[in-house]
**Q** 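The structure under discussion is supplied below as structure tokens; questions concerning it will follow.
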Amino acid sequence: MSRLTRSNKSKTNSAKKSSHRSRSQRGQSGGQARTLSELVEMREVVVLCGAGGVGKTSCAAALGAMAAIKQGGKVLVLTVDPARRLGTALGIEGLGNVEREVPASMLRELGAEPRGRLFVAMLDMKRSWDDLVHAYAPDEETADEIIANPLYDNITSRFTNANEYIAMERLYELHQSGKYDLIIIDTPPTRSALDFIEAPQRMAEFFGGRLIKVLTMPYRAGGRVGSLALDLAARPFYKIAERVLGSAFMRELGEFFMYFASMNKGFVERAKEVDRLLHDHRTMFAVVSTLDPAELREAEFFCDKLAEYDYDIEALILNRVLPAFLLDAEAERVVEKLAKPQEAVGELAEQVPSAVDDGERIENVLKTIAGNYANFSTMARREAYLRSTLTSNPIVPDLIVSVPLIAQDISDLAGLLTVGDHLFGSDVPGGYTAS
């Protein structure tokens with residue numbers, strides 16, 4: 001197995017201290033920008049973040065495939081994406097909470113000889129919640145009472161940050177199992193990803209907060225609502241709540257949170273452990289974006305937030321970058337000729353006499369080609385300008401990796417490997433790379 005051991009993955013904690021440090025100080029080991037493949041090889045957890053629709057799922061799967069092929073070990077790609085694109089791209093039906101291995105034969109058919117093994121999974125919130133309740137409840141009877149409560153499904157599916165917390169819990173569980181050398185997690189879109197990252201702390205705060213205490217107060221000694229002396233501040237709440245919701249519902253709600261509170265210690269302790277894993281030097285974050293101005297602003301916003309939370313952000317992946325030939329001066333001169341179709345048709349007629357008979361149609365085609373090229377060239381220049389502004393932005397990591405716009409839809413393993421080739425092979429820190 002070629003992946004580095006944990007002892008070789010140490011990194012100075014000083015690289016995590018401020019969101020406004022110089023680019024040469026932040027996210028660097030030894031003062032030199034690394035390639036993405038080197039950074040991935042040194043980590044055990046890679047978290048991909050970014051706006052919706054920028055290609056996070058594809059990049060996560062491509063990164064995992066390349067790590068399994070080139071670096072070895074057991075690699076897991078875990079997606080929180082409900083669109084199930086990952087399973088479709090890898091040809092795996094029914095992708096869910098249980099990890100599934102991508103057959104090595106599928107990689108070999110595409111000319112790759114994997115040194116390791118690739119696994120994929122998609123978070124199943126219901127099953128993960130049930131597993132969590134069974135893990136933290138004081139006994140099986142309490143766990144069964146919680147899961148059987150009519151409020152359980154509704155609250156756990158709608159509770160703020162509950163699903164995000166479960167995602168982090170699942171990541172921690174998989175990491176602690178020691179089954180995988182590398183876990184790559186594909187997070188929800190940016191704003192949801194912030195909830196994803198903040199979830200452990202917020203869940204810990206919730207279980208230690210006043211709301212739980214108020215809701216469970218009448219049941220702590222096994223009594224019923226009204227049978228115990230309530231806190232003076234809580235009495236008005238119960239009177240209003242019972243009038244609006246009914247005493248039966250309040251009793252059901254209180255009993256549910258009473259059972260839930262029995263898991264308080266387990267939730268809080270695990271939330272702290274998850275937070276430690278996210279800040280550990282074995283974990284790195286990478287932000288995925290395109291050079292669309294709105295999506296790029298979202299990426300910069302997220303880079304700033306990650307730095308604010310002291311997370312180890314190491315790379316910005318720019319996906320679907322227009323090809324570099326659109327900026328080539330020689331190509332532009334050729335297109336200038338196409339923009340003058342009469343001259344172009346005249347030159348063509350010298351080589352192909354029959355072209356004269358269909359000159360008008362050819363002129364129209366050439367005009368269309370020239371016009372389309374001009375439009376794309378303008379877009380490419382704008383992208384190049386936006387790309388150049390990133391190098392002077394102190395909140396953006398030094399390593400910026402570009403993946404060119406690929407003509408075919410990335411919907412299968414072959415497409416993922418094409419993306420992976422660029423992620424692992426086109427790492428030019430500070431450069432504008434496309435092909």
Side-chain angles (χ1 to χ4, degrees), residues 1-6 8-9 35-48 55-81 83-124 127 170-171 173-187 282-284 286 288 315 317 319 401 403 406 408-427:
M1 183 169 66
S2 66
R3 296 197 59 79
L4 299 182
T5 61
R6 294 186 182 188
N8 290 330
K9 297 178 181 178
T35 64
L36 187 57
S37 57
E38 289 176 325
L39 288 172
V40 169
E41 189 173 31
M42 291 191 298
R43 297 310 203 281
E44 294 174 12
V45 176
V46 177
V47 183
L48 263 60
K56 284 193 312 298
T57 301
S58 296
C59 286
L63 210 55
M66 296 308 291
I69 291 168
K70 294 191 173 184
Q71 297 174 348
K74 294 177 69 176
V75 180
L76 171 67
V77 178
L78 174 64
T79 182
V80 186
D81 179 13
R84 303 178 182 270
R85 285 187 292 268
L86 180 59
T88 302
L90 295 171
I92 296 177
E93 297 295 331
L95 187 61
N97 229 37
V98 177
E99 308 95 275
R100 300 273 299 277
E101 184 170 4
V102 177
S105 59
M106 291 179 62
L107 296 169
R108 293 192 183 99
E109 286 173 5
L110 297 170
E113 187 58 46
R115 300 177 65 184
R117 299 167 66 188
L118 176 63
F119 296 80
V120 292
M122 187 183 76
L123 196 65
D124 180 331
R127 178 166 177 173
R170 181 76 172 128
L171 168 63
E173 175 192 355
L174 289 165
H175 180 263
Q176 287 297 105
S177 73
K179 292 165 59 178
Y180 300 101
D181 300 283
L182 173 67
I183 300 173
I184 298 173
I185 186 162
D186 161 40
T187 65
R282 294 168 293 176
T283 300
M284 68 167 267
V288 182
I317 298 171
N319 196 22
V401 181
V403 177
I406 298 170
Q408 70 271 24
D409 185 35
I410 308 302
S411 58
D412 56 19
L413 186 56
L416 292 175
L417 294 187
T418 300
V419 173
D421 281 337
H422 289 285
L423 289 173
F424 264 36
S426 299
D427 304 343

**Q** Would you please test V120 and T79 for side chain to side chain contact (heavy atoms under 4.5 Å, CB included) and show each step?
**A** CA-CA 8 Å; V120 292; T79 182; over 6 Å; no

**Q** Tell me, please, which residues at least two apart from E109 pass salt bridge (Lys or Arg N to Asp or Glu O under 4.0 Å).
**A**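 Partners of E109 by the salt bridge (Lys or Arg N to Asp or Glu O under 4.0 Å) criterion come out as none, since no residue qualifies.
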
**Q** Before you tell me yes or no, could you show the steps for M284 and L39 under side chain to side chain contact (heavy atoms under 4.5 Å, CB included), namely the whole-Å CA-CA distance, both residues' side-chain angles and the distance that decides it to 0.1 Å?
**A** CA-CA 8 Å; M284 68 167 267; L39 288 172; 3.9 Å; yes

**Q** Can you name the side chain to side chain donor-acceptor pair (under 3.5 Å) partners of R100, sequence neighbours left out?
**A**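 By the side chain to side chain donor-acceptor pair (under 3.5 Å) rule, R100 matches no residue at all.
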
**Q** Check the pair T35, F424 against side chain to side chain contact (heavy atoms under 4.5 Å, CB included), reporting the backbone distance first and the verdict last.
**A** CA-CA 7 Å; T35 64; F424 264 36; over 6 Å; no

**Q** Are the side chain of R117 and the backbone of K74 linked by a donor-acceptor contact shorter than 3.5 Å?
**A**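 Not confirmed, R117 side chain does not pair with K74 backbone.
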
**Q** List the residues meeting side-chain contact (heavy atoms from CB on, under 4.5 Å) with A60, not counting sequence neighbours, and say none if there are none.
**A**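 Checked A60 against side-chain contact (heavy atoms from CB on, under 4.5 Å); matches are L48, V77, I184, D186.
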
**Q** Are the side chains of L174 and E99 in touch, meaning some heavy atoms are under 4.5 Å apart?
**A**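 In contact.
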
**Q** Do I410 and L416 pass the side chain to side chain contact (heavy atoms under 4.5 Å, CB included) test, and can you show the C-alpha distance, the side-chain angles, and the key distance before you say yes or no?
**A** CA-CA 6 Å; I410 308 302; L416 292 175; 3.7 Å; yes

**Q** Where is the tightest heavy-atom contact between H422 and V401, given as atom of each residue plus distance?
**A**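 Between these two residues, the closest heavy atoms are O-CG1, 4.0 Å.
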
**Q** So which heavy atom on A286 is nearest to which on I317, and how close?
**A**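 Closest approach of A286 to I317: CB-CD1, 4.5 Å.
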
**Q** Could you tell me which residues satisfy side chain to side chain donor-acceptor pair (under 3.5 Å) with R127, sequence neighbours excluded, listed by chain and number?
**A**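 Not a single residue meets the side chain to side chain donor-acceptor pair (under 3.5 Å) criterion with R127.
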
**Q** Looking at residues at least two apart in the chain, or sitting in another chain, which of them share a side-chain contact (heavy atoms from CB on, under 4.5 Å) with L110?
**A**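 L110 satisfies side-chain contact (heavy atoms from CB on, under 4.5 Å) with L413, A414, L417 only.
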
**Q** Sort and list the pairs that fulfil ring pair (Phe, Tyr, Trp, His ring centres under 6.0 Å) and have at least one residue in residues 87-124, not counting sequence neighbours.
**A**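 Every pair satisfying ring pair (Phe, Tyr, Trp, His ring centres under 6.0 Å) with a residue in residues 87-124: F119-Y180.
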
**Q** Which heavy atom in A315 sits nearest to a heavy atom in L36, and how many Å separate them?
**A**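 For A315 and L36, the tightest heavy-atom pair comes out as CB-CD1, 4.0 Å.
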
**Q** Please name the pair of heavy atoms, one in L76 and one in A121, separated by the smallest distance, quoted to 0.1 Å.
**A**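 For L76 versus A121, the nearest heavy atoms are CD1-N, 4.1 Å.
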
**Q** For N97, give me all partners under side chain to side chain donor-acceptor pair (under 3.5 Å), at least two apart in sequence or on another chain.
**A**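 Only S128 meet the side chain to side chain donor-acceptor pair (under 3.5 Å) criterion with N97.
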
**Q** Taking all heavy atoms of A62 and all of G420, pick out the closest pair and write down the distance.
**A**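 Smallest heavy-atom distance, with atoms named: CB-N, 3.6 Å.
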
